[in-house]
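Notes for the one structure printed next.
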Amino acid sequence: MTPGVEARYRALRSAIDEELHKGGRDPAGVTLVGVGKRQPPEIVAQAIEAGLTDLGESYLQEARRKFALLPAVRKHFIGHVQTNKAKAIAAAFDVVQSVDRAEAGIALGRAAQERGSALPVLLQLNVTPSDRFGCRPDQAERLAETLRGQPGLRLEGVMAMGPLGAERDAILRAFELAAKTLARIGGSTLSIGMSGDWREALQAGSTMLRIGEALFGPRIDGRHT
Ligand SMILES: *Cc1c(COP(=O)(O)O)cnc(C)c1O
């Protein structure tokens, strides 16, 4: 048990709100998604009890085990979408943020339609060479068109990772490219900003932060399942 996750949640949320206030933005316009990968369920549960409304997970098996132990929360899939897992992902999550290619989107759309629902998704963009995943910005319009053509999907915006450990300017440039691409393809959700770069992300117009270690503490080592 790590005492103090409630306090960390409240401190982080007020630091975010203060940054938004400085920028003249409405705190209600930014969703904080806690990233629970490789975090123990009891820590995550404490944050939800303290008011966290949205949880992001990267690994399907780990997420399913954890969800069974947690209070109600909006669940975001932020990991790599394997097409053979699309059905299980659509069943376990409320939002999929990491659709970076047509096949993944089509598989998710089909799975959601079978369930009789439309799954909210974000298009994952690659705005930094160190990122292994994501659609190239110059391919984003095409992918967005394909995703909008799936009756089982509702495209709400974009998600991107900033360059890890980079200079502030490089981080801002990457996030601005994500914001510009969102403006081109349309949508209202700009999911950028993690533990190390959320201030830059807010400056670039983020409407959704995905924060793991700055909220829950250091992740447990070892392999995920
Ligand atoms: C792990 C992860 C995060 C959170 O990273 P932190 O540095 O712990 O805040 C956010 N987004 C994605 C896609 C991740 O994989």
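Start at 1 with the first residue, then count along the sequence. Counting convention: from 1, in listed order, for ligands and their atoms alike.
The six-membered or imidazole ring of Phe93 lies near that of Phe67, with a centre-to-centre distance under 6.0 Å.
Around atom CZ of Arg74, more than 12 heavy atoms belonging to other residues, nucleotides or ligands sit under 6.0 Å away. Enclosure of atom CZ in Arg142 is not indicated, since only 12 or fewer non-hydrogen atoms of other residues, nucleotides or ligands lie within 6.0 angstrom.
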How far apart are the C-alpha atoms of Val158 and Ile185, what are their side-chain angles, what is the distance that settles it, and do they pass the side chain to side chain contact (heavy atoms under 4.5 Å, CB included) test? CA-CA 9 Å; Val158 304; Ile185 69 171; 3.6 Å; yes

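Counting only heavy atoms from C-beta outward, the side chains of Thr189 and Leu122 approach each other to under 4.5 Å.
Between Glu62 and Lys37, none of the side-chain N atoms (NZ, or NE/NH1/NH2) sits under 4.0 Å from a carboxylate O, so this pair counts as no salt bridge.
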Please tabulate, line by line, the atom pairs linking an N/O of ligand 1 to a protein N/O at a distance below 3.5 Å, with the distance in Å to 0.1, or answer 'none'.
residue  : atom   : partner : partner atom : Å
ligand 1 : 8 (O)  : Glu213  : N            : 2.9
ligand 1 : 8 (O)  : Arg219  : NH1          : 2.7
ligand 1 : 8 (O)  : Arg219  : NH2          : 3.4
ligand 1 : 9 (O)  : Ser195  : N            : 2.9
ligand 1 : 9 (O)  : Ser195  : OG           : 2.6
ligand 1 : 9 (O)  : Gly212  : N            : 2.8
ligand 1 : 11 (N) : Arg210  : NE           : 2.9
ligand 1 : 11 (N) : Arg210  : NH2          : 3.4
ligand 1 : 15 (O) : Lys37   : NZ           : 2.7

